[in-house]
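Here the structure is laid out as C-alpha coordinates; the discussion comes afterwards.
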There are 2 protein chains.
Amino acid sequence: MKLSQGVEWGLHCVVLLAQDPDGAPVSRRTLAQQFALPETYLAKHLQALVRSGVLQATSGPKGGFRLARPPEEITALDVLEAIEGSASPFVCQEIRQRGTGGVPPEECRLPCTVSSVMAAAHEAWRASLRGVTVAEIRERLPKNVRERDVRATAPG
Amino acid sequence: MKLSQGVEWGLHCVVLLAQDPDGAPVSRRTLAQQFALPETYLAKHLQALVRSGVLQATSGPKGGFRLARPPEEITALDVLEAIEGSASPFVCQEIRQRGTGGVPPEECRLPCTVSSVMAAAHEAWRASLRGVTVAEIRERLPKNVRERDVRATAPG
DNA sequence: CGTATCGAGGACATCCAATGTCCACGATAC
DNA sequence: GTATCGTGGACATTGGATGTCCTCGATACG
(Lines give C-alpha, C1' and ligand atoms only; values in the text may rest on other atoms or scores of the structure.)
Protein backbone atom coordinates (compact mmCIF):
# COMPACT_ATOMS: atom_id res chain seq x y z
CA MET A 1 0.00 0.00 0.00
CA LYS A 2 1.47 3.26 -1.08
CA LEU A 3 0.17 6.78 -1.45
CA SER A 4 1.13 8.86 -4.45
CA GLN A 5 3.69 11.47 -3.53
CA GLY A 6 1.38 13.89 -5.29
CA VAL A 7 -0.58 13.89 -2.04
CA GLU A 8 2.36 15.42 -0.21
CA TRP A 9 2.86 17.94 -2.99
CA GLY A 10 -0.82 18.87 -3.05
CA LEU A 11 -1.10 19.27 0.71
CA HIS A 12 1.98 21.49 0.95
CA CYS A 13 0.85 23.60 -2.00
CA VAL A 14 -2.66 24.05 -0.66
CA VAL A 15 -1.32 24.99 2.77
CA LEU A 16 1.02 27.44 1.09
CA LEU A 17 -1.85 29.01 -0.84
CA ALA A 18 -3.76 29.24 2.44
CA GLN A 19 -1.14 31.64 3.74
CA ASP A 20 -2.55 34.34 1.48
CA PRO A 21 -6.03 33.15 0.47
CA ASP A 22 -7.11 36.38 -1.21
CA GLY A 23 -3.82 37.40 -2.83
CA ALA A 24 -2.93 37.19 -6.49
CA PRO A 25 -2.95 33.72 -8.10
CA VAL A 26 0.29 31.77 -7.76
CA SER A 27 1.62 30.18 -10.94
CA ARG A 28 2.53 26.52 -11.14
CA ARG A 29 6.11 27.58 -11.82
CA THR A 30 6.31 29.46 -8.53
CA LEU A 31 4.71 26.57 -6.66
CA ALA A 32 7.10 24.07 -8.23
CA GLN A 33 10.16 26.19 -7.43
CA GLN A 34 8.98 26.66 -3.86
CA PHE A 35 9.50 22.93 -3.20
CA ALA A 36 11.84 22.05 -6.10
CA LEU A 37 9.23 19.85 -7.78
CA PRO A 38 8.97 18.91 -11.49
CA GLU A 39 6.72 21.63 -12.83
CA THR A 40 4.76 19.80 -15.52
CA TYR A 41 4.04 16.83 -13.31
CA LEU A 42 2.97 19.02 -10.42
CA ALA A 43 0.62 20.66 -12.92
CA LYS A 44 -1.21 17.34 -13.30
CA HIS A 45 -1.98 17.24 -9.60
CA LEU A 46 -2.97 20.91 -9.54
CA GLN A 47 -5.39 20.18 -12.36
CA ALA A 48 -6.94 17.41 -10.29
CA LEU A 49 -7.35 19.82 -7.39
CA VAL A 50 -9.11 22.26 -9.71
CA ARG A 51 -11.43 19.57 -11.06
CA SER A 52 -12.36 18.63 -7.49
CA GLY A 53 -13.19 22.21 -6.58
CA VAL A 54 -10.35 22.68 -4.09
CA LEU A 55 -8.40 25.15 -6.19
CA GLN A 56 -9.42 27.76 -8.71
CA ALA A 57 -7.26 28.45 -11.78
CA THR A 58 -6.79 31.64 -13.77
CA SER A 59 -5.36 31.72 -17.31
CA GLY A 60 -3.10 34.24 -18.96
CA PRO A 61 -0.19 36.29 -17.65
CA LYS A 62 -0.51 36.95 -13.90
CA GLY A 63 -2.63 33.81 -13.83
CA GLY A 64 -2.19 30.82 -11.57
CA PHE A 65 -3.92 29.04 -8.68
CA ARG A 66 -5.71 30.11 -5.53
CA LEU A 67 -8.00 28.39 -3.07
CA ALA A 68 -11.55 27.91 -4.26
CA ARG A 69 -12.87 28.09 -0.67
CA PRO A 70 -11.69 29.54 2.64
CA PRO A 71 -9.02 27.27 4.18
CA GLU A 72 -11.38 26.57 7.07
CA GLU A 73 -13.64 24.75 4.62
CA ILE A 74 -10.98 22.58 2.98
CA THR A 75 -10.13 19.34 4.76
CA ALA A 76 -7.07 17.18 4.35
CA LEU A 77 -9.43 14.54 2.97
CA ASP A 78 -10.59 16.93 0.24
CA VAL A 79 -7.03 17.38 -0.95
CA LEU A 80 -6.12 13.71 -0.65
CA GLU A 81 -9.14 12.39 -2.50
CA ALA A 82 -8.79 15.01 -5.21
CA ILE A 83 -5.40 13.51 -6.02
CA GLU A 84 -5.76 9.88 -5.02
CA GLY A 85 -9.40 9.34 -5.75
CA SER A 86 -11.94 8.18 -3.21
CA ALA A 87 -11.86 4.46 -3.95
CA SER A 88 -11.16 2.13 -1.06
CA PRO A 89 -7.63 0.68 -1.03
CA PHE A 90 -9.21 -2.71 -0.48
CA VAL A 91 -11.01 -4.12 -3.50
CA CYS A 92 -13.06 -7.21 -2.71
CA GLN A 93 -12.58 -9.84 -5.41
CA GLU A 94 -15.37 -12.00 -4.05
CA ILE A 95 -13.11 -15.00 -3.74
CA ARG A 96 -15.69 -16.53 -1.40
CA GLN A 97 -17.70 -17.34 -4.54
CA ARG A 98 -14.89 -19.25 -6.19
CA GLY A 99 -13.20 -22.60 -5.75
CA THR A 100 -14.28 -25.72 -3.89
CA GLY A 101 -15.61 -23.61 -1.04
CA GLY A 102 -17.62 -21.39 -3.39
CA VAL A 103 -20.64 -19.68 -1.88
CA PRO A 104 -23.57 -19.37 -4.34
CA PRO A 105 -24.20 -15.82 -5.65
CA GLU A 106 -27.65 -15.58 -4.09
CA GLU A 107 -26.00 -15.71 -0.67
CA CYS A 108 -23.60 -12.93 -1.60
CA ARG A 109 -25.86 -9.94 -1.93
CA LEU A 110 -24.30 -8.38 1.14
CA PRO A 111 -20.56 -7.63 1.25
CA CYS A 112 -18.57 -10.36 2.95
CA THR A 113 -17.36 -9.93 6.52
CA VAL A 114 -13.76 -9.43 5.49
CA SER A 115 -14.79 -6.68 3.13
CA SER A 116 -16.87 -5.00 5.85
CA VAL A 117 -13.94 -4.96 8.25
CA MET A 118 -11.71 -3.35 5.66
CA ALA A 119 -14.40 -0.82 4.78
CA ALA A 120 -14.74 0.20 8.42
CA ALA A 121 -10.99 0.78 8.63
CA HIS A 122 -11.09 2.89 5.50
CA GLU A 123 -13.88 4.97 6.97
CA ALA A 124 -11.90 5.50 10.18
CA TRP A 125 -9.02 6.72 8.05
CA ARG A 126 -11.24 9.10 6.12
CA ALA A 127 -12.84 10.41 9.29
CA SER A 128 -9.44 11.24 10.72
CA LEU A 129 -8.48 13.23 7.63
CA ARG A 130 -11.89 14.86 7.40
CA GLY A 131 -11.36 16.20 10.91
CA VAL A 132 -8.41 18.38 9.95
CA THR A 133 -8.74 21.54 7.87
CA VAL A 134 -6.08 23.28 5.85
CA ALA A 135 -6.50 26.30 8.14
CA GLU A 136 -5.61 24.12 11.14
CA ILE A 137 -2.55 22.70 9.41
CA ARG A 138 -1.40 26.21 8.64
CA GLU A 139 -1.89 27.26 12.28
CA ARG A 140 0.29 24.40 13.44
CA LEU A 141 3.26 25.40 11.30
CA PRO A 142 6.27 27.09 12.92
CA LYS A 143 5.77 30.85 13.03
CA ASN A 144 8.53 31.74 10.56
CA VAL A 145 7.24 29.22 8.03
CA ARG A 146 3.62 30.17 8.57
CA GLU A 147 4.26 33.82 7.79
CA ARG A 148 6.47 33.35 4.77
CA ASP A 149 5.50 35.29 1.65
CA VAL A 150 4.96 32.80 -1.16
CA ARG A 151 6.06 35.21 -3.86
CA ALA A 152 8.99 36.79 -2.07
CA THR A 153 11.72 34.54 -3.43
CA ALA A 154 10.28 33.89 -6.87
CA PRO A 155 13.04 34.84 -9.31
CA GLY A 156 12.39 36.46 -12.66
CA MET B 1 -3.41 3.88 -3.02
CA LYS B 2 -4.01 0.20 -3.44
CA LEU B 3 -3.82 -2.82 -1.17
CA SER B 4 -2.32 -6.05 -2.43
CA GLN B 5 -5.00 -8.64 -3.14
CA GLY B 6 -2.86 -10.94 -1.03
CA VAL B 7 -4.51 -9.25 1.95
CA GLU B 8 -7.88 -10.59 0.90
CA TRP B 9 -6.40 -14.03 0.30
CA GLY B 10 -4.64 -14.04 3.65
CA LEU B 11 -7.67 -12.91 5.62
CA HIS B 12 -9.95 -15.49 4.06
CA CYS B 13 -7.39 -18.26 4.54
CA VAL B 14 -6.75 -17.36 8.17
CA VAL B 15 -10.49 -17.21 8.89
CA LEU B 16 -10.87 -20.57 7.21
CA LEU B 17 -8.11 -22.06 9.36
CA ALA B 18 -9.85 -20.58 12.38
CA GLN B 19 -12.83 -22.84 11.72
CA ASP B 20 -10.80 -25.79 12.98
CA PRO B 21 -7.88 -24.32 14.95
CA ASP B 22 -6.65 -27.61 16.38
CA GLY B 23 -7.26 -29.87 13.39
CA ALA B 24 -4.65 -31.30 11.05
CA PRO B 25 -2.57 -28.80 9.05
CA VAL B 26 -4.12 -27.67 5.78
CA SER B 27 -1.85 -27.76 2.73
CA ARG B 28 -1.38 -24.78 0.47
CA ARG B 29 -2.94 -26.81 -2.33
CA THR B 30 -6.14 -27.28 -0.38
CA LEU B 31 -6.22 -23.61 0.60
CA ALA B 32 -5.65 -22.51 -2.99
CA GLN B 33 -8.37 -24.81 -4.34
CA GLN B 34 -10.77 -23.58 -1.68
CA PHE B 35 -10.80 -20.11 -3.29
CA ALA B 36 -9.44 -20.97 -6.77
CA LEU B 37 -6.22 -19.05 -6.19
CA PRO B 38 -2.83 -19.55 -7.90
CA GLU B 39 -1.13 -22.00 -5.57
CA THR B 40 2.51 -20.94 -5.79
CA TYR B 41 1.71 -17.28 -5.45
CA LEU B 42 -0.59 -17.86 -2.50
CA ALA B 43 2.34 -19.73 -0.99
CA LYS B 44 4.33 -16.49 -0.94
CA HIS B 45 1.72 -14.82 1.22
CA LEU B 46 1.39 -17.85 3.47
CA GLN B 47 5.14 -17.74 4.00
CA ALA B 48 4.84 -14.11 5.04
CA LEU B 49 2.15 -15.07 7.55
CA VAL B 50 4.46 -17.74 8.97
CA ARG B 51 7.37 -15.29 9.25
CA SER B 52 5.12 -12.90 11.15
CA GLY B 53 4.03 -15.56 13.59
CA VAL B 54 0.40 -15.68 12.50
CA LEU B 55 0.57 -19.15 10.97
CA GLN B 56 2.61 -22.20 11.78
CA ALA B 57 3.87 -24.47 9.00
CA THR B 58 4.58 -28.22 9.03
CA SER B 59 6.72 -29.96 6.42
CA GLY B 60 6.35 -33.36 4.86
CA PRO B 61 3.30 -35.39 3.82
CA LYS B 62 0.24 -34.46 5.90
CA GLY B 63 1.98 -31.14 6.44
CA GLY B 64 0.51 -27.70 5.86
CA PHE B 65 -0.57 -24.61 7.77
CA ARG B 66 -2.45 -23.94 10.96
CA LEU B 67 -2.92 -20.95 13.23
CA ALA B 68 0.04 -20.14 15.45
CA ARG B 69 -2.27 -18.66 18.12
CA PRO B 70 -5.92 -18.97 19.10
CA PRO B 71 -8.10 -16.96 16.67
CA GLU B 72 -9.10 -14.68 19.54
CA GLU B 73 -5.50 -13.48 19.68
CA ILE B 74 -5.06 -12.76 15.96
CA THR B 75 -6.29 -9.39 14.76
CA ALA B 76 -7.09 -8.29 11.23
CA LEU B 77 -4.13 -5.92 11.58
CA ASP B 78 -1.80 -8.83 12.29
CA VAL B 79 -2.78 -10.50 9.04
CA LEU B 80 -2.72 -7.31 7.01
CA GLU B 81 0.69 -6.15 8.18
CA ALA B 82 2.16 -9.61 7.76
CA ILE B 83 1.38 -9.36 4.06
CA GLU B 84 1.52 -5.64 3.36
CA GLY B 85 4.18 -4.61 5.83
CA SER B 86 3.66 -2.05 8.56
CA ALA B 87 5.05 0.99 6.74
CA SER B 88 2.82 4.02 6.51
CA PRO B 89 1.27 4.54 3.07
CA PHE B 90 2.40 8.15 3.31
CA VAL B 91 6.15 8.63 2.98
CA CYS B 92 7.27 12.14 3.82
CA GLN B 93 9.83 13.32 1.28
CA GLU B 94 10.68 16.41 3.33
CA ILE B 95 9.91 18.71 0.45
CA ARG B 96 9.71 21.55 2.99
CA GLN B 97 13.52 21.49 3.01
CA ARG B 98 13.84 21.92 -0.72
CA GLY B 99 13.36 24.76 -3.23
CA THR B 100 13.08 28.49 -2.74
CA GLY B 101 10.97 28.00 0.37
CA GLY B 102 13.47 25.56 1.88
CA VAL B 103 13.41 25.25 5.64
CA PRO B 104 16.90 24.67 7.14
CA PRO B 105 17.50 21.11 8.45
CA GLU B 106 17.99 22.27 12.06
CA GLU B 107 14.32 23.34 12.08
CA CYS B 108 13.20 19.95 10.76
CA ARG B 109 13.99 17.65 13.65
CA LEU B 110 10.30 17.13 14.24
CA PRO B 111 8.07 15.69 11.50
CA CYS B 112 6.25 18.36 9.52
CA THR B 113 2.59 19.10 10.20
CA VAL B 114 1.41 17.47 6.99
CA SER B 115 3.28 14.30 7.90
CA SER B 116 1.74 14.30 11.38
CA VAL B 117 -1.77 14.57 10.00
CA MET B 118 -1.17 11.63 7.70
CA ALA B 119 0.39 9.61 10.51
CA ALA B 120 -2.65 10.18 12.72
CA ALA B 121 -4.92 8.92 9.94
CA HIS B 122 -2.76 5.84 9.50
CA GLU B 123 -2.97 5.16 13.22
CA ALA B 124 -6.76 5.49 13.15
CA TRP B 125 -6.81 2.93 10.36
CA ARG B 126 -4.58 0.55 12.27
CA ALA B 127 -6.62 0.96 15.45
CA SER B 128 -9.77 0.01 13.57
CA LEU B 129 -8.18 -3.18 12.24
CA ARG B 130 -6.56 -3.96 15.57
CA GLY B 131 -10.03 -3.93 17.16
CA VAL B 132 -11.26 -6.92 15.16
CA THR B 133 -10.05 -10.46 15.78
CA VAL B 134 -10.14 -13.41 13.42
CA ALA B 135 -12.48 -15.13 15.88
CA GLU B 136 -14.93 -12.25 15.59
CA ILE B 137 -14.82 -12.34 11.82
CA ARG B 138 -15.55 -16.04 11.90
CA GLU B 139 -18.51 -15.48 14.22
CA ARG B 140 -19.98 -12.96 11.82
CA LEU B 141 -20.00 -15.37 8.87
CA PRO B 142 -23.27 -16.95 7.74
CA LYS B 143 -23.91 -20.15 9.66
CA ASN B 144 -23.53 -22.53 6.71
CA VAL B 145 -20.22 -20.94 5.72
CA ARG B 146 -18.96 -20.77 9.28
CA GLU B 147 -19.44 -24.47 9.83
CA ARG B 148 -18.02 -25.71 6.55
CA ASP B 149 -15.37 -28.43 6.79
CA VAL B 150 -12.24 -27.16 5.09
CA ARG B 151 -11.13 -30.58 3.99
CA ALA B 152 -14.50 -31.99 2.98
CA THR B 153 -14.36 -31.10 -0.71
CA ALA B 154 -10.62 -31.49 -1.25
CA PRO B 155 -10.28 -33.85 -4.23
CA GLY B 156 -7.52 -36.41 -4.64
C1' DC C 1 16.65 -46.62 3.63
C1' DG C 2 13.82 -45.02 -0.49
C1' DT C 3 10.19 -42.39 -2.15
C1' DA C 4 6.53 -39.27 -2.36
C1' DT C 5 4.59 -35.17 -0.37
C1' DC C 6 5.03 -31.08 1.78
C1' DG C 7 6.94 -25.93 2.79
C1' DA C 8 11.07 -22.40 2.02
C1' DG C 9 13.10 -19.48 -0.86
C1' DG C 10 15.41 -17.66 -4.85
C1' DA C 11 15.43 -16.57 -10.00
C1' DC C 12 12.82 -15.09 -13.45
C1' DA C 13 9.01 -13.19 -16.62
C1' DT C 14 5.02 -10.17 -17.12
C1' DC C 15 1.98 -6.44 -16.42
C1' DC C 16 0.31 -2.05 -14.96
C1' DA C 17 0.08 2.15 -12.51
C1' DA C 18 3.00 5.98 -10.91
C1' DT C 19 6.15 9.12 -12.50
C1' DG C 20 7.84 12.42 -15.63
C1' DT C 21 8.28 14.94 -20.27
C1' DC C 22 6.64 17.21 -24.30
C1' DC C 23 3.58 19.49 -27.45
C1' DA C 24 -0.69 21.71 -29.29
C1' DC C 25 -4.34 24.45 -27.83
C1' DG C 26 -7.23 28.15 -25.74
C1' DA C 27 -7.33 32.15 -22.53
C1' DT C 28 -5.73 36.53 -21.13
C1' DA C 29 -2.79 40.69 -19.75
C1' DC C 30 -0.17 44.24 -21.73
C1' DG D 1 0.09 40.91 -31.62
C1' DT D 2 2.81 38.58 -28.38
C1' DA D 3 4.29 36.54 -24.34
C1' DT D 4 2.59 34.14 -20.33
C1' DC D 5 -0.40 31.22 -18.29
C1' DG D 6 -3.45 26.68 -17.49
C1' DT D 7 -5.61 22.34 -20.03
C1' DG D 8 -5.28 18.07 -21.84
C1' DG D 9 -3.52 14.46 -24.60
C1' DA D 10 0.46 11.48 -26.25
C1' DC D 11 4.41 9.33 -24.98
C1' DA D 12 8.55 7.12 -22.43
C1' DT D 13 10.38 5.21 -18.15
C1' DT D 14 10.38 2.76 -13.93
C1' DG D 15 9.37 0.03 -10.01
C1' DG D 16 6.32 -2.87 -7.58
C1' DA D 17 2.61 -6.38 -7.86
C1' DT D 18 1.59 -10.57 -9.84
C1' DG D 19 2.64 -15.13 -11.23
C1' DT D 20 5.68 -19.29 -12.54
C1' DC D 21 9.36 -22.46 -11.98
C1' DC D 22 13.12 -24.83 -9.93
C1' DT D 23 16.01 -26.48 -6.13
C1' DC D 24 16.47 -27.53 -1.49
C1' DG D 25 15.43 -29.47 3.08
C1' DA D 26 11.96 -31.79 6.14
C1' DT D 27 9.08 -35.59 7.07
C1' DA D 28 5.54 -39.49 6.84
C1' DC D 29 5.16 -44.02 5.31
C1' DG D 30 6.49 -48.50 3.92
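All chains are named by letter (A, B, ...) in the order of the sequence lines, taking the proteins before the strands, and each is independently numbered beginning at 1.
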**Message:** Between C:dG10 and B:Lys44, counting only base atoms on the nucleotide and side-chain atoms on the residue, is there a donor-acceptor pair under 3.5 Å?
**Reply:** yes

**Prompt:** OP1 or OP2 of D:dG8 sitting under 4.0 Å from any side-chain N/O of A:Arg51?
**Reply:** yes

**Request:** Select base, sugar-phosphate, or nothing to describe what A:Ser4 touches, counting heavy atoms under 4.0 Å on all strands.
**Result:** sugar-phosphate

**Complete:** Here the distance between atom C1' of C:dT19 and atom CH2 of A:Trp9, to the nearest Å, is 8 Å

**Prompt:** Which listed nucleotide (D:dC5, D:dT7, C:dT21) is nearest to the side chain of A:Gln47?
**Reply:** D:dT7

**Message:** Expressed as a whole number of angstroms, how long is the span from B:His45:NE2 to C:dA8:C1'?
**Reply:** 15 Å

**Fill in**
Residue pair A:Leu46/B:Thr58 against DNA chain D: nearer the 5' end by closest nucleotide is A:Leu46

**Request:** Between A:Thr40 and B:Gly60, just flag the one whose closest nucleotide in DNA chain C comes earlier from the 5' side.
**Result:** B:Gly60

**Complete:** Which of C:dA8, C:dC22, D:dG8 is nearest the side chain of B:Ala57? It is C:dA8

**Message:** Strictly distance-based, threshold 3.5 Å: is any side-chain N or O of A:Arg140 a donor or acceptor partner for the main-chain N or O of B:Thr113?
**Reply:** no

**Request:** Rounded to the nearest angstrom, tell me the gap between atom OH in A:Tyr41 and atom P in D:dG8.
**Result:** 17 Å

**Request:** Could you check how far NZ of B:Lys2 sits from C1' of D:dT18, rounded to whole Å?
**Result:** 11 Å

**Complete:** note: A:Leu42, atom CG; C:dT21, atom C1'; distance rounded to Å ~ 14 Å

**Item:** B:Arg130 bridged to B:Glu123 by N-O distance under 4.0 Å
**Value:** yes

**Item:** A:Gln19 (side chain) donor-acceptor with A:Asp149 (main chain) under 3.5 angstrom
**Value:** no

**Request:** Measure the distance from CG on B:Leu37 to C1' on D:dT18 and round it to the nearest whole Å.
**Result:** 13 Å

**Request:** Figure out the CG/C1' separation between A:Leu31 and D:dG6, and round it to whole Å.
**Result:** 12 Å

**Request:** Would you indicate which nucleotide in D:dA28, D:dA3, C:dT21 comes nearest to any side-chain atom of A:Pro61?
**Result:** D:dA3

**Item:** Parallel, tilted or perpendicular: rings of A:Trp125 and A:His122 (30°, 60°)
**Value:** parallel

**Item:** Exceeds 12 heavy-atom contacts within 6.0 angstrom, atom CZ of A:Arg69
**Value:** yes

**Item:** Side-chain N,O (A:Ser27) to OP1/OP2 (D:dT4) below 4.0 Å
**Value:** no

**Fill in**
Of A:Met1 and A:Val26, the one whose nearest nucleotide on DNA chain D sits closer to the 5' end is A:Val26

**Message:** If you compare every side-chain N and O of A:Gln5 against the phosphate oxygens of C:dG20 (OP1, OP2), does one of them come in below 4.0 Å?
**Reply:** yes

**Message:** Could you tell me how far apart A:Glu39 (CD) and C:dT19 (P) are, to the nearest whole angstrom?
**Reply:** 18 Å

